[in-house]
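Let me begin by presenting the structure, written as structure tokens, before commenting on it.
Numbers restart at 1 for each chain; the letters A, B, ... are given by sequence-line order, proteins then strands. None of these values were measured; they are calculated from a predicted model.
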Amino acid sequence: MKLSRVATSCIMTCLLAAAAEAAPVMAFGYLANKSKDGNYDYLETIFPNSFAGSIQNIFWVDVIKPIRVNRIMKKYNLRLEKEYRPYELVDIARKLSADYFINGNFIILPKDRIRININLCSSGGRLFTFSNTGRMEAEIFKLVDRIANIIIDFMSKEKLFMSGIIPGGSKIGIFTNLSGEDLNYLYYSFLSGGYRIAGIQANSLNNNLSTDMIESFKYMSGSENSYQTITDLRSAGFRYGTWAGPGYITELNYIKKIYRIYDQNYFDAKAAILNKMSAAHDMDKILVIGFNNLKTGAWIRCLDVRSKDLIWMQSDIAGSIPEICSKIIKRMSSGISPRRE
Amino acid sequence: MLNKPKTTLIALFFAALTLISCMSRSVKYLSRPLPPNTGVAVIVDASNRVKNVIMARFLARGFAVKAVNASDFYTMDNVFDIRDFKKISYLEREHNLLSLEKTFDNLYKMHYYNFEVNKAEVLAEMRNKWNVQYLVLLELKPFARTSWGRAIDLRTNDLIWIENYPTSFIDNTEKIVDKFIDSMTGKK
């Protein structure tokens, strides 16, 4: 009796452990050929298969390659398309029972170069998009490895992405939820690290950014690299009919306009205000550093003000304020160290 | 009853502890000193009596102090209030939470960027109309807490001086302000 109880509890523990430690599932779609040259169509399947292979070699993950994705889609009377709208990606990830669905496209550039654009969609409705350019033929495998490494870094606990270092002497505008002496310490770290600090936020006695409101800055759209929430305006429910009076229609139009500016065309709206900010402060980067309530952990987003691109994101930076500052400065100036394989 | 050597030892121990804690909280950075006789706006959140004491110290050191109060700058809540948008949207729409959250967040971010641009425009106006070259912000704290200050060059909008100073039990308003003025002018 006692033994059977022990055995049952052991089995339960193993099952729970297995469930808790299940490998993330990544499904791959096609990388559509956008170069109008059919000779490169073969890469549409080769690229995703290569990414899947490279990632599986390094990272503990279950991958579903395009051929198997197509088989699963057939069960839903669908087939794997070359391109999807962002709001369709979430539905596909859920149909495939995958944690992530990855697809994208590529274009052949002059001088034997190729540019690859990747969409990495989580089943929770977040979309990470990024681009990478490399040389065809000789360096194509390096490019595949580079993209696989970006995906692996993003899948890590730190959700890390960095497109390059931020050189010393750059002028940085910082948005953070620290204030007073803590904010001064943060500035001190950057100034003594060789960076210039733009007087945004620093020109106020009190910080208006609360811990919950700084979360709004976690998602950023950029010209090439973005990390965003996927939205579907079809579900917004803008209903009207013969019962709707002119007042209702006017209100509805205003609300539609708000969604159009601040959701669909947000990147353009933001670019205009960033230009004004850049002109006023002559800064190179905007760094958003969000601290938790206890100031024992932080996350980072960095936007290049001139190229309007997301160039760095990182989560789960733990430590005291000085330790976090020191880790940030070190990463800014050194970038991501190459992975040892 | 403690004997004299023991009391001295305990006093020394606490003095050392205070010194270590003060050193760890104290930071200072000066990229270029504020020149004498320059136009400064000093922003401090204190009673008028304390503000007068602080301004008098700056005037005594030769600065052309411009009359600017923290309340002269509007806060974000005075200018933008988008809370109603979220409330109305939640009441009137269904099944659009992600769109709603994203729109609200983006609206908030745009307001924040706009707020910073507005502040920069006000500061540029101060510099051009009233010849304010530097913006100095101070917060003076009582004993065992940290007083802090920072200065911004309004020509470039660069942060040029910062200091965190743990207030000791012998400090008063004049002493802290004098210390900060020495620090930002590069005297100490």
Side-chain angles (χ1 to χ4, degrees), chain A residues 87 125 171 173 175 180-185 187-192 196-206 208-209 213 215-221 228-238 251 255 258-259 261-263 266 269-270 273-274 276-277 279-283 286 322, chain B residues 24-25 27-29 31 43-45 70 73 75-77 85 88-89 92-110 112-117 119-121 123-124 135 137-139 141 145-150 152-154 156-160 162-165:
Chain A
Y87 59 80
K171 188 168 174 182
F175 288 122
E181 60 188 272
D182 291 338
L183 183 57
N184 257 18
Y185 189 89
Y187 291 145
Y188 167 76
S189 308
F190 281 86
L191 289 166
S192 49
R196 287 168 66 204
I197 296 291
I200 58 170
Q201 252 191 10
N203 54 22
S204 295
L205 272 180
N206 301 305
N208 295 300
L209 257 180
M213 287 316 288
E215 294 288 316
S216 306
F217 289 85
K218 257 191 172 166
Y219 301 101
M220 273 197 179
S221 54
Q228 300 187 77
T229 303
I230 297 174
T231 56
D232 182 3
L233 271 189
R234 296 173 310 167
S235 66
F238 296 123
E251 185 198 332
I255 292 176
I258 288 175
Y259 277 112
I261 296 171
Y262 294 103
D263 183 353
Y266 176 64
K270 186 177 72 170
I273 192 72
L274 285 182
K276 278 189 186 174
M277 208 189 293
H281 291 278
D282 189 31
M283 61 188 172
I286 288 178
Chain B
S24 64
R25 286 187 292 152
V27 291
K28 180 188 156 186
Y29 184 90
S31 64
I43 308 284
V44 59
D45 187 15
F73 292 88
T75 67
M76 207 160 104
D77 287 346
F85 173 71
I88 289 167
S89 304
E92 298 206 344
R93 309 276 164 247
E94 294 166 4
H95 314 301
N96 63 339
L97 286 180
L98 277 180
S99 286
L100 171 66
E101 285 291 341
K102 186 177 175 185
T103 305
F104 180 79
D105 285 351
N106 286 346
L107 201 58
Y108 178 79
K109 283 188 276 186
M110 286 287 279
Y112 208 88
Y113 294 144
N114 260 314
F115 177 57
E116 288 300 334
V117 170
K119 271 197 296 178
E121 283 168 356
L123 292 173
L135 180 73
L137 296 105
L138 300 175
E139 186 156 14
K141 296 280 182 67
R145 295 181 65 193
T146 305
S147 299
W148 61 265
R150 60 180 90 111
I152 294 167
D153 183 343
L154 294 186
T156 59
N157 270 322
D158 271 18
L159 184 62
I160 56 159
I162 51 167
E163 176 148 8
N164 283 355
Y165 172 68

Examine distances only and state if a side-chain atom of [X] and a backbone atom of [Y] form a donor-acceptor pair shorter than 3.5 Å.
| X | Y | value |
| --- | --- | --- |
| A:Asn203 | B:Ile152 | no |
| A:Lys270 | A:Ser221 | yes |
| B:Thr103 | A:Tyr259 | no |

Q | Minimum side-chain heavy-atom gap A:Tyr188-A:Ile197 below 4.5 Å | A | no

Q: Please state whether the side chain, the backbone, both or neither of B:Ile160 comes within less than 4.5 Å of a heavy atom of chain A.
A: neither

**Q.** B:Glu121 portion near chain A, given a 4.5 angstrom heavy-atom threshold
**A.** neither

Is it the side chain or the backbone of [X] that comes within 4.5 Å of chain B heavy atoms, both, or neither?
| X | answer |
| --- | --- |
| A:Asp282 | neither |
| A:Ala279 | neither |
| A:Gln201 | both |
| A:Leu209 | both |
| A:Tyr266 | side chain |

Q: Return the option, out of B:Glu139, B:Arg150, B:Glu163, with the maximum number of heavy-atom pairs under 4.5 Å with chain A.
A: B:Arg150

Q) Closest approach of B:Asn164 and A:Tyr185, non-hydrogen atoms and distance? A) ND2-N, 4.0 Å

Q) Under the salt bridge (Lys or Arg N to Asp or Glu O under 4.0 Å) test, which residues partner A:Lys218, sequence neighbours left out? A) A:Glu215

Q. Among A:Gly173, A:Gly180, A:Pro322, who wins on heavy-atom pairs under 4.5 Å with chain B?
A. A:Gly180

Q: Pick whichever of A:Gly125, A:Ala269, A:Ala202, A:Gly199 has the most heavy-atom pairs under 4.5 Å with chain B.
A: A:Ala202

Q) If you measure from the Lys or Arg side-chain nitrogens to the Asp or Glu carboxylate oxygens, is any gap between B:Asp158 and A:Lys171 under 4.0 Å? A) yes

